[in-house]
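Here's the structure we're looking at; comments come further down.
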Amino acid sequence: MKEFHDADAASTNPKNIGELKTALVNRLIYSIGKDPIDTHERDWFFALAHVVRDQITLRWMESMRQYYLSDAKRVYYLSMEFLIGRTLDNALLNTGGYEAFRLALEDMGMNLDEIGGEEEEAALGNGGLGRLAACFLDSLASLRMPGFGYGIRYDYGIFSQRIEDGWQVEHPDNWLRYGNPWEFARPEVLYRVQFYGRLVETQDTDGQRRYQWLDTQDVMAMAYDLPIPGYGEGTVNNLRLWAAKATRDFELRYFNEGNYIKAVEQKTSSENLSKVLYPDDTTQMGRELRLKQEYFFVSASLQDILVHFGTEHRDLAELPDEVAIQLNDTHPAIAIAELMRILLDQHGLAWDQAFGITVRIFAYTNHTLLPEALETWPVRLFERLLPRHLQIIYDINQKFLDEVGRRFPGDGDLIRRVSLIDEDGGKRVRMSHLAIVGSHKVNGVAKLHSELMQSTIFRDFARLFPDRFINITNGVTPRRWLHQANPGLAGLITEALGDSAWVSDLERLRGLVPLAGDAEFRSRFRTAKFDNKARLAGLLKQRLGLALDPASLFDVQIKRIHEYKRQLLNLLHVVTRYNRIKDQPTAAWIPRTVILGGKAAPGYRMAKLVIKLANDIARVMDRDPALQGRLKLVFVPDYNVSRAMELIPAVDLSEQISTAGTEASGTSNMKMTMNGALTIGTLDGANIEIAEQVGRDNLFIFGLTAGELAELRRRGYQPWDYYHANSELRRALDMIASGYFSPEEPDRFKPLVDSLLMGGDQWAVLADYADYVAAQEAVDRLYGDGEAWARQAVLNVAGSGWFSSDRSIREYAGSIWNIQPQA
Ligand code: 26V
């Protein structure tokens with residue numbers, strides 16, 4: 001095996017290149033089982049991935065050894081989602097091997113980019129929350145921090161989206177079809193997870209009540225490890241994903257009855273647990289399988305964490321000095337009850353000591369204020385599935401409410417509001433309340449979000465636990481989102497700043513500020529942007545047969561389709577612009593390409609209708625000669641991490657137009673800023689901090705603030721008033737409602753227009769329309785002066801350093817986890 005490890009990843013001298021080539025051929029033959037004269041590109045991808053993995057693996061073992069020896073405190077990041085995307089390029093760039101492997105493949109007549117295109121994405125997430133988890137893993141490793149991810153190894157990630165006749169159609173994402181070359185299966189790391197069953201109460205010798213959980217239906221959790229390579233001198237950390245496996249209990253039972261088929265059926269049904277990622281991040285669906293997934297990965301992770309801690313020979317009182325656990329939203333919040341159960345029922349700790357330990361270990365990140373996305377579970381379901389956990393939740397609640405009652409005597413309504421159990425209608429467990437009461441820190445993900453969290457949904461808790469609530473603004477990894485996705489701009493920045501230290505110290509981008517005034521630099525900056533746009537145009541031509549003009553302004557909104565994100569507002573502007581061009585075809589229009597992309601939850605009717613509307617408008621405009629060279633609308637199908645990496649470097653105008661107070665943070669806003677786009681946005685989420693960092697004059701802020709909107713609603717918001725007052729708005733809405741874009745089915749889009757005019761316009765689209773259109777006019781004026789635009793675009797890059805996930809992770813490490821970078 002020697003030859004695989006000898007080669008130095010980074011060196012491009014001929015001897016090393018020769019060794020890499022040998023390693024590749026050996027892997028192709030011995031690991032993939034293919035004859036080099038008869039191969040598919042995919043075979044070479046797998047051979048390459050194995051060679052790269054070998055190199056990472058050695059560093060990974062070193063890192064693990066070092067963490068073990070230093071016995072440093074660790075953080076475990078529990079998340080139902082890790083939206084990683086592809087690994088090959090990122091691994092090559094983080095370990096410095098990119099150029100050497102590129103040359104080795106070139107020598108063999110192959111192209112690294114094409115080989116890399118064979119990789120399936122690990123799309124184990126819905127959107128922002130899952131991608132944030134992936135950025136955080138990159139930063140933890142790059143900062144040499146002992147941070148480990150735990151999640152689920154779904155057989156099927158987020159569905160892939162096809163557009164058929166303008167409609168979204170979902171297809172299963174069978175990403176493991178050809179195997180996953182990055183993972184290590186650990187069939188020996190196997191834990192039993194219990195469900196259902198019954199409780200038996202016993203008395204300890206000291207008279208304490210204890211519970212046994214018996215006659216359960218069990219599933220095994222098997223570990224798969226994914227190495228996470230940090231950048232440069234970073235460590236290689238571990239992401240452990242759990243797959244469901246049947247226990248042997250069924251086998252034995254049914255085989256004894258001679259019922260072989262029944263045994264195999266049962267096996268399939270327990271293994272379904274990790275089959276598929278739930279694709280709806282907008283409504284809480286309350287499905288039993290989802291709650292099972294949550295408990296499944298939490299139970300396995302806690303067992304694993306305690307094995308590592310060495311429960312057998314150590315005092316559990318020390319656990320909080322060794323372990324921090326971050327809950328990525330409430331999805332893993334059942335971990336609080338599970339740790340209590342372990343401490344009480346398996347280790348015999350007294351309640352107060354167990355709860356003290358638990359609270360010191362856990363912290364909770366909230367990612368949304370939208371009530372329909374907040375997790376609650378029917379008490380009846382909990383009682384059946386996790387009877388002991390429900391009991392513990394009731395006990396936590398009892399003690400908590402007693403305390404509240406002592407501090408605020410006579411405030412029965414407060415008790416009702418903060419209870420872990422919602423007593424209205426069918427009783428439900430409020431997972432966010434459990435997460436808050438069981439954690440020592442609760443954070444929001446941008447300043448405004450953290451403020452609103454404390455003044456609205458968690459207001460009572462902020463009063464009860466004033467020190468518990470903090471803000472940690474999100475960030476994104478500059479390795480993937482600038483260095484890797486945008487080599488043109490990255491190279492220019494490195495040249496301008498004199499070295500590439502900015503890749504791991506993003507605040508250095510401030511050094512670009514003076515260059516905004518340098519005509520020579522601006523010209524090269526503009527060329528880099530133009531090249532990215534031309535490259536994107538080439539890809540879309542090849543894939544979709546589209547003809548995009550790279551000289552036009554690329555106006556891009558890419559994110560999940562949701563009413564609060566207001567893709568509909570974007571489309572109303574497109575229709576307005578269409579009408580203006582039709583009215584004055586010979587005026588000097590700034591050519592624009594409006595690009596939309598994103599998936600709708602499969603059951604979200606309005607969101608799916610928005611996708612159809614975009615495609616119908618695009619079709620009408622494409623057929624209209626008056627629009628050619630002036631305005632084009634494109635819906636890019638199947639928006640995912642790889643697509644984001646192609647699109648973001650090519651963006652001129654970043655659309656961040658959510659209703660103020662609804663987008664917790666946003667992270668594509670940060671990625672686009674980092675890549676030299678200007679933002680058109682509301683004062684929402686992290687947009688506010690982007691404005692602070694890059695300067696309010698260097699983006700286009702429009703619309704009502706969260707405060708103004710609250711005030712408008714108090715007075716009584718009347719969407720019709722806006723309809724009557726604005727003739728362009730009226731015209732656009734009437735066209736959509738009457739079938740101008742859907743003559744074959746004139747009523748098709750009535751539900752969308754009705755939600756605005758008849759349904760109260762929950763997201764204040766009409767209230768912000770006029771200001772949005774005015775802001776778009778300001779965009780045209782600035783874009784008309786290419787130099788002035790470029791100056792501001794440079795200032796956006798220069799001000800984006802704050803949005804590195806390295807900064808976020810340092811804040812978590814310092815103010816929540818109390819962990820340190822390792823030497
Ligand atoms: C909720 C649910 C509900 C149950 C079914 C599955 C599921 C999956 C995810 C979610 C939570 C969605 C919350 C979310 O993704 N929030 C986004 O988090 C980003 C990272 O903090 C932030 O930038 C976005 O603004 C925020 O919308």
Side-chain angles (χ1 to χ4, degrees), residues 77 79-83 123-136 151-152 154 157-159 276-294 297 326-334 364-377 431-432 435 442-450 452-453 457 471-477 481 558-566 598-599 601-604 644 656-673 681-682 684-690 803 805 808-809 812:
Y77 197 83
S79 179
M80 285 283 277
E81 307 191 3
F82 288 92
L83 220 186
L124 308 184
N126 269 283
L129 167 145
R131 183 53 234 178
L132 185 76
C135 284
F136 281 2
I152 296 176
Y154 302 104
I158 187 73
F159 63 86
V276 59
L277 167 78
Y278 274 85
D280 191 335
D281 63 353
T282 55
T283 47
Q284 152 68 15
M285 289 194 304
R287 300 274 286 272
E288 185 162 336
L289 183 64
R290 164 88 185 177
L291 182 56
K292 282 175 108 171
Q293 287 184 335
E294 295 182 353
F297 101 98
Q326 191 67 33
L327 304 171
N328 198 21
D329 216 294
T330 57
H331 315 150
I334 187 65
Y364 153 55
T365 306
N366 171 276
H367 295 270
T368 180
L369 305 175
L370 299 183
E372 64 269 30
L374 293 180
E375 263 191 317
T376 63
W377 293 103
M431 299 306 277
S432 57
V442 177
N443 76 289
V445 290
K447 271 187 215 159
L448 175 68
H449 169 67
S450 297
L452 292 172
M453 192 177 80
I457 55 170
N471 171 248
I472 299 184
T473 298
N474 283 166
V476 302
T477 171
W481 296 108
I558 40 180
K559 47 185 81 256
R560 287 295 287 256
I561 312 292
H562 195 293
E563 286 160 287
Y564 85 78
K565 297 179 190 280
R566 299 198 297 191
K599 293 172 184 174
Y604 192 169
Q656 308 298 339
I657 60 178
S658 51
T659 311
T662 64
E663 188 69 272
S665 162
T667 42
S668 73
N669 48 359
M670 303 171 182
K671 294 165 194 166
M672 295 187 198
T673 300
T682 46
D684 197 17
N687 297 352
I688 295 171
E689 289 155 77
I690 293 178
F803 303 103
S805 44
S808 311
I809 286 298
Y812 278 95

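Order of appearance sets the numbers: ligands from 1, and atoms from 1 within every ligand.
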Problem set entry | From Asn471, Thr368, Asn366, residue fulfilling side chain to side chain donor-acceptor pair (under 3.5 Å) relative to His449 | Asn366
Exercise. Would Arg287 and Tyr278 count as a side chain to side chain contact (heavy atoms under 4.5 Å, CB included) if you check the C-alpha gap in whole Å, the side-chain angles of each, and the deciding distance to 0.1 Å?
Worked result: CA-CA 10 Å; Arg287 300 274 286 272; Tyr278 274 85; 3.8 Å; yes
For this session: Could you go through the side chain to side chain contact (heavy atoms under 4.5 Å, CB included) check for Leu129 and His331 one step at a time?
Result: CA-CA 11 Å; Leu129 167 145; His331 315 150; 4.0 Å; yes
Problem set entry | Interatomic spacing from OG1 in Thr477 to NZ in Lys671 - rounded to 0.5 Å | 10.0 Å
Distances for all N or O pairs of ligand 1 and the protein under 3.5 Å?
| unit_1 | atom_1 | unit_2 | atom_2 | d |
| --- | --- | --- | --- | --- |
| ligand 1 | 16 (N) | His367 | O | 3.1 |
| ligand 1 | 21 (O) | His367 | ND1 | 2.6 |
| ligand 1 | 21 (O) | Asn474 | OD1 | 2.8 |
| ligand 1 | 23 (O) | Gly666 | N | 2.8 |
| ligand 1 | 25 (O) | Glu663 | OE1 | 2.6 |
| ligand 1 | 25 (O) | Ala664 | N | 3.4 |
| ligand 1 | 25 (O) | Ser665 | N | 3.0 |
| ligand 1 | 25 (O) | Gly666 | N | 3.0 |
| ligand 1 | 27 (O) | Tyr564 | OH | 3.2 |
| ligand 1 | 27 (O) | Glu663 | OE1 | 3.0 |

Seminar exercise, completed: When every non-hydrogen atom of Ala134 is compared with those of Phe82, the smallest separation belongs to N-CD2, 4.4 Å
Problem set entry | Those residues that, when tested against His562, pass ring-ring contact (aromatic ring centres under 6.0 Å, His included) (two or more places apart) | Tyr564, Tyr604
